Amino acid sequence: MIQNGPGDAIGRFLTVADAAEVLAVDVETVHDLILSGELPAIRVGERGPWRVERTQLELWIDDQYEATRRRSAWHQGEFANVIELSGLRAGGPRAVD
């Protein structure tokens, strides 16, 4: 996904444009996700630019994959497995923070 190396051009925090590039969407989409609270971000200063932490973006992407998988499982069968759809796995719930 996002490279984590010593020569990495992208630091710990991404601009809205960087996050949009990673997600292959436009800047307005990322901005809307931030304002809705769906994508965790911080504001630098009171009216400064938004920044998205790389690890939070990666967790958000993973959560989107999981939500898609659960929706797909729900629509695949007449009798869906409640444990499977709840997001709980054999190892228990996964920490987000």
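Note that the coordinates shown come from a computational prediction; the quantities given were computed from them, not determined experimentally.
Taken to the nearest 0.5 Å, the CG atom of Leu35 stands 4.5 Å off from the NE2 atom of His31. Rounding to the nearest 0.5 Å places CG of Leu23 at 7.5 Å from CG of Leu39. The line from OG1 of Thr15 to CZ of Arg51 is 6.0 Å long, rounded to the nearest 0.5 Å.
In plain terms, the two heavy atoms of Val27 and Ala17 that are nearest each other are CG2-CA, 4.0 Å.
Legend: residues meeting side chain to side chain donor-acceptor pair (under 3.5 Å) with Ser36, ordered by chain and number and at least two apart, are absent. The side chain to side chain donor-acceptor pair (under 3.5 Å) test applied to Asp32 returns no partner, not counting sequence neighbours.
Taken together through direct or relayed side-chain contacts under 4.5 Å among Ile, Leu, Val, Met, Phe, Trp and Tyr, Tyr65 and Val25 form part of one hydrophobic cluster.
Between Ile42 and Glu53, every side-chain heavy-atom pair lies at or beyond the 4.5 Å cut-off. Side-chain contact between Trp60 and Leu33: present, with at least one pair of heavy atoms (C-beta onward) separated by less than 4.5 Å.
Between Arg69 and Ser72, the side chains place no donor N or O within less than 3.5 Å of an acceptor N or O (distance only, hydrogens not considered).
For residues 19-29, the pairs satisfying side chain to side chain donor-acceptor pair (under 3.5 Å) are Asp26-Thr29, with sequence neighbours left out.
Judged by distance alone, with hydrogens and angles left aside, the side-chain atoms of Arg43 form a donor-acceptor pair with the main-chain N or O of Gly48 at under 3.5 Å.
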